[in-house]
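Residue numbers begin at 1 in each chain, while the letters A, B, ... track the order of the sequences. Note that the structure is a prediction, hence the values are computed from the model and not measured.
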Amino acid sequence: MADEMKIGAYICKGCGIGDRLNADQLASTATRDGKAAICQQHDFLCNEDGVKMIQADIDNEGVNRVVIAACSRRAKTEAFAFENVTLHRANLREGVIWVRPDSDDQQETTQEMADDYIRMACAEAKYSKIPESSGQQGVNKNILIVGGGVGGMTAALEASKAGYPCSIVEKTATLGGATAQLHKVIPTKAPFADPQENPVAALVAAVEADDNITVYLNSRTTNISGAPGRFAADISTESGATQTKEFGAIVQASGFTPYDANKLPEFAYGKNKDVVTQAELEALAIAANGGAIKRPSDGKEVSSVVFVQCAGQRSKKEGHLEHCSGYCCSASIKQAMYFKDQNPDVETTIMYTDLRTPGAGGENFYRSGQKKGVIFTKSVVSEVVDGANPTVKFKDLILNEEAEVEADLVVLATGMVPNSGQPTRAELTIAENEDAASAKAGEEVEIRVDVESILNLDYRQGKDVPHMANGFADSHFICFPYETQRTGIYTAGPTRRPMDAKQAMDDAMGAAMRAIGEAENAGLGRAAHPRSGDLSFPSFRKEGCTQCKRCTVECPFGAINEDEQGYPVYNESRCRRCGTCMGACPVRVISFENYSVDTVGQQLKAVDMPDEFSEKPRILILACENDAYPALDMAAQNKLEYSAFARIIPIRCLGSISLSWITDSMNSGFDGIILMGCPSGDNYQCHFVKGSGTAQERMGKVGDTLQSLSLEQERVQTYEISITDIHKVPQIINDMATTIEQIGMSPFKF
Amino acid sequence: MSSMVEKYRNNFLKEVEANVEEGEWVKMCMQCGVCAGSCPLGKHWDHPPQEIFMMIRAGKRDEVLTSDSMWMCTSCYNCIVRCPRELPITHIMHGLANYAKRLGLAPKAQPTAWFSQVFWDNMMKKGRVNELKLGLSLYFKDGFVSGIKESLKHQKLGMNMMKAKRMSPMELFGGHGVKNAGDLQKIIKKAQEIENARIESYGK
């Protein structure tokens with residue numbers, strides 16, 4: 001595609017565009033200002049005839065930059081899918097005629113809006129290149145599964161069924177993980193009334209019978225380098241023997257570790273042998289083998305048992321778990337049934353504050369427990385007193401009184417700690433800076449971590465996938481479950497969020513699907529969601545790079561490594577094409593073929609700027625293409641009007657905003673700038689995790705720029721927009737127009 | 001019966017299941033409190049149904065059976081309609097009241113309990129309720145002086161009812177009843193025998 005660039009502009013007159021706008025004028029704008037070599041008008045561009053017209057120009061006239069002036073870039077994507085060209089959309093329908101009233105006195109400003117969008121699309125075309133592959137790609141169908149519990153085995157069996165060879169790496173000597181230690185499991189089938197047989201034996205047999213699955217026992221992944229499609233993993237056994245294998249994608253099903261009950265001295269754990277954890281009760285039940293369960297201290301058959309829910313969980317106390325582990329209520333009901341099914345006269349009491357039994361059959365199982373005579377008491381246990389029989393002291397929350405009860409055995413529901421490995425470098429730096437007053441801001445601290453890494457990624461950003469609240473591996477639970485901030489690595493089971501065995505197995509199926517998808521995707525050099533299919537990837541101009549490392553630090557996906565000299569090394573298939581590195585680069589050397597500082601910077605410069613006395617201000621809106629831009633489109637579909645002075649440019653992520661766009665637009669005379677990104681913070685909705693948050697931080701510095709230009713602070717505003725904020729977005733634009741009326745036009749109009 | 005009730009043990013619950021109408025539902029309560037919130041007389045109850053169910057599970061036998069809470073139920077059925085676990089709460093309340101009365105533990109001065117007995121005795125005599133006598137016994141519930149005062153307060157209403165032939169002073173002397181009231185009494189007696197036998201068998 002080294003050929004001469006040739007822009008073809010195509011103006012659609014359908015959907016009322018032709019009635020509301022002067023198409024001939026648009027065409028002359030495209031050819032005169034936009035330098036389009038060819039410009040054609042059509043009454044119905046997205047129909048077969050219109051598409052053929054464009055294709056003919058591509059084939060016969062050498063058009064390789066296609067500008068379509070019609071509807072939003074989110075509409076008619078199937079019709080306007082041309083190969084070997086770049087595609088640019090001037091949004092005349094949702095962006096102009098649908099948001100402006102159809103009246104004669106508004107005709108002039110509406111036409112100006114449309115003309116500007118044509119200029120902007122042509123400018124973008126001029127500075128875009130056709131994405132070419134990086135040459136890094138190749139299909140590797142092998143899937144690495146870290147963890148041989150029910151989740152890992154399910155993932156392996158599912159991927160194998162789909163024709164993808166799997167390797168399970170299990171650190172212990174046997175498959176089965178935590179579930180293998182259970183007497184029976186929480187029921188997964190209707191009527192959800194009784195504990196169910198443990199599925200581990202059947203799974204292990206299936207895994208062993210499957211030729212497509214290789215199992216490495218007593219093994220760990222001691223190093224993983226590469227990227228989706230070309231991961232190289234060192235699999236080392238305890239004895240130290242290591243082999244390196246190549247994989248296309250990775251599923252991390254590393255499970256959980258039971259919370260250490262020794263941290264709960266108030267419950268006499270460790271002091272009284274008859275105070276046990278749920279895990280220990282499973283061992284007692286296995287030992288009883290269907291007979292009466294005997295207590296540890298003297299081997300007496302248990303005639304009364306109290307279950308203490310939320311032991312060391314859902315508590316903000318130092319050393320306790322803040323989260324709900326999600327499975328313990330059902331597990332306690334199941335364990336109470338071990339006693340009741342064997343002998344209905346055994347007294348079983350479950351002390352809970354909020355009973356939570358997630359899953360389809362959870363409520364039925366709870367009811368079944370009640371029918372079997374398990375007593376449920378809404379109460380908070382304050383203490384377990386040591387004695388021949390432990391005594392449980394608690395407050396009954398229904399009767400609002402302190403009470404106590406003696407039992408042969410007390411079972412603590414202690415919850416799960418995710419096996420998610422080490423925190424990332426960034427997470428550690430923040431934590432260190434927070435505690436150690438000696439650490440200087442920004443300075444990298446040599447960090448020692450007492451947690452063993454699970455994956456041992458050879459990534460600049462850290463050895464494991466980033467964590468979210470309470471140490472669980474980050475996964476975008478709203479939009480993209482299983483997804484981590486490391487492309488091609490999918491978490492499943494309790495390492496991702498608290499859950500029971502059944503949910504972990506369902507989860508593993510999903511993660512296996514995602515892993516397969518990514519192995520294939522990487523083979524084609526395509527981006528994973530949300531820019532699925534994007535072939536572009538970031539590259540940098542080495543001569544200009546100052547080795548500042550901001551791109552490697554700020555990349556939300558750990559896609560960029562550093563070479564010995566500190567230059568960035570891109571791993572195409574780890575990249576999600578958000579452009580956060582581009583926004584981070586202070587010397588603007590990072591760009592994508594179809595998205596760069598210029599593709600946006602030239603668009604805003606292409607806007608025709610009326611002079612200061614025209615009473616026609618210009619408002620630049622940089623809107624995130626994932627949520628804010630669809631919200632604007634939907635506002636248009638609802639015919640909500642907004643100011644004719646707005647000029648909207650969709651961007652990949654707020655994180656990709658280069659500060660130069662802000663200064664350039666101020667310098668070229670824009671009166672106001674609105675940035676629209678996704679909500680950030682703990683409950684972030686940013687599709688690239690950190691983009692909007694990073695942008696918020698960077699925009700903190702815009703104040704200085706404005707001051708140096710002696711401009712009012714109100715001229716630049718950042719908003720967090722959800723996709724549902726359809727009524728809010730036009731309001732924000734109109735408010736900015738009002739603000740400009742009050743503070744006056746920008747003096748920087750030349 | 002179970003004098004050895006232990007706290008947070010099943011034995012009182014089992015006693016309730018054996019002796020109280022619909023008592024087997026008590027263990028199914030999930031303590032959501034919708035019944036307590038739905039009861040139009042809730043604020044007059046010492047213990048709303050939710051609490052009664054928890055007290056049964058906590059083994060508070062005396063507190064439950066001597067409580068006047070279940071006697072406050074007016075059978076509006078709001079709780080039954082709303083209970084997400086579909087417990088027949090109204091029936092359980094009456095069942096508990098009934099059981100407490102059988103054991104002689106029901107609170108003596110509780111007006112509903114007292115009135116129920118008066119109603120029953122009145123009705124059993126002739127197979128029909130003698131409204132005049134029932135009304136008067138209600139007026140004179142707290143003694144002769146307050147009875148006179150209460151009657152005089154309703155004097156006008158009474159005179160009007162007599163004028164309209166809705167009430168006859170002659171009812172004071174015997175009053176009318178059903179045909180063969182003796183047969184009805186036999187039927188009721190037999191029913192009581194059957195019920196007593198059933199209770200006996202549960203107690204075992």
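Heavy-atom contacts from other residues, nucleotides or ligands closer than 6.0 Å to NZ of Lys273(A) number 12 or fewer. Other residues, nucleotides and ligands contribute over 12 non-hydrogen atoms within 6.0 Å of the CD atom of Glu150(B). Heavy atoms of other residues, nucleotides or ligands lying less than 6.0 angstrom from CD of Glu197(A) number 12 at most. More than 12 heavy atoms of other residues, nucleotides or ligands sit less than 6.0 Å from atom CZ of Arg102(B). For Lys125(B), the NZ atom is loosely surrounded, since the number of other residues' heavy atoms within 6.0 Å does not exceed 12. When the shell of 6.0 Å around OH of Tyr77(B) is examined, it contains more than 12 heavy atoms from other residues, nucleotides or ligands. The local environment of CD in Glu86(B) is sparse, with at most 12 non-hydrogen atoms from other residues, nucleotides or ligands closer than 6.0 Å.
Counting heavy atoms from C-beta on, the side chains of Lys14(B) and Asp345(A) come closer than 4.5 Å.
Nearest heavy atoms, Arg85(B) versus Glu363(A): NH2-OE2, 2.8 Å. Of all heavy-atom pairs between Leu399(A) and Ala58(B), the closest is CD1-CB, 4.1 Å.
Options Gln370(A), Lys371(A), Lys378(A), Glu404(A) differ in how many heavy-atom pairs under 4.5 Å they form with chain B, and the most are formed by Gln370(A).
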- Does the pair Met54(B) and Asp396(A) meet the rule for a side-chain contact (heavy atoms from CB on, under 4.5 Å), with working shown? CA-CA 9 Å; Met54(B) 197 60 236; Asp396(A) 188 316; 4.0 Å; yes
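Remark: the backbone N or O of Phe376(A) is paired with a side-chain donor or acceptor of Arg57(B) at under 3.5 angstrom. Between the side chain of Gln31(B) and the backbone N or O of Thr377(A) there is no donor-acceptor pair closer than 3.5 Å.
The pair Glu406(A)-Arg9(B) does not meet the salt-bridge criterion, since no charged nitrogen lies less than 4.0 angstrom from a carboxylate oxygen.
Residue contact with chain B, scored on non-hydrogen atoms closer than 4.5 Å, involves the backbone and the side chain of Ile398(A) alike. Heavy atoms of Ser304(A) lying under 4.5 Å from chain B belong exclusively to its side chain.
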